[in-house]
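Written out below as structure tokens is the structure these notes cover.
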Amino acid sequence: MDHTNLADARAIVPEDAVCQPQLLLDLVPGREGAAVADPYYGGEEHFEDTWADVSRAAAALVQALRR
């Protein structure tokens, strides 16, 4: 999710929602507010960057859910 997707999702969240959409990397210390790398316009190395971002965030999500 990038910042445009985030804004679109937040625009349709019900007022009484228990939680709010956030960027995946908000879970990774030091990466808050950053979007996952978009590999669309780059070469194969950009997919590696995307995989690294998603892997870090997935590990952080697992840790958060364990708390």
Side-chain angles (χ1 to χ4, degrees):
M1 178 181 310
D2 63 21
H3 293 92
T4 301
N5 299 135
L6 179 60
D8 291 345
R10 285 182 173 168
I12 61 171
V13 172
E15 288 184 27
D16 61 346
V18 177
C19 61
Q20 294 291 317
Q22 65 186 77
L23 295 170
L24 187 60
L25 290 176
D26 285 346
L27 298 168
V28 179
R31 298 293 309 274
E32 299 90 343
V36 170
D38 184 353
Y40 187 75
Y41 294 105
E44 284 188 36
E45 68 278 2
H46 293 275
F47 283 91
E48 292 173 13
D49 295 338
T50 301
W51 183 253
D53 280 350
V54 172
S55 295
R56 280 187 216 105
L61 178 58
V62 168
Q63 290 301 318
L65 292 173
R66 287 183 175 162
R67 294 184 205 133

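Residue numbers count from 1 along this sequence. Computed from a predicted model, the values in this text were never measured in an experiment.
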Note to self: Quick check on the hydrophobic clustering: are Val62 and Leu27 connected, directly or via other members, by side-chain heavy-atom contacts under 4.5 Å?
What the structure shows: no
Note to self: Restricting to side-chain contact (heavy atoms from CB on, under 4.5 Å), what partner residues turn up for Ala59, sequence neighbours left out?
What the structure shows: none
Notebook entry, point to check: What heavy-atom pair brings Ala57 and Leu25 nearest, and what distance separates the two atoms?
Noted result: CB-CD2, 4.1 Å
Checklist line | Taking every non-hydrogen atom, the tightest pair across Val28 and Ala60 | finding: CG2-CB, 4.3 Å
Margin query: Could you work out, with side-chain contact (heavy atoms from CB on, under 4.5 Å) as the rule, every residue matching Ala17, not counting sequence neighbours?
Written below: Val13, Pro14, Gln20
Next item on the list: Return each pair, listed once, that meets side-chain hydrogen bond (donor to acceptor under 3.5 Å, both in side chains) where at least one residue sits in residues 25-48; pairs must be two or more places apart or across chains.
Entry: Arg31-Asp53
Item checked: Over all atoms of both residues, closest heavy-atom pair of Leu23 and His3 -> CD1-NE2, 3.4 Å
Note to self: Listing request: all side-chain hydrogen bond (donor to acceptor under 3.5 Å, both in side chains) pairs with a residue in residues 57-67, at least two apart in sequence or in separate chains.
What the structure shows: none
Notebook entry, point to check: Tell me the salt bridge (charged side-chain N to carboxylate O under 4.0 Å, His left out) pairs involving residues 5-21, sequence neighbours left out?
Noted result: none
Next item on the list: Go through the structure and list residues passing side chain to side chain donor-acceptor pair (under 3.5 Å) with Thr4, not counting sequence neighbours.
Entry: none
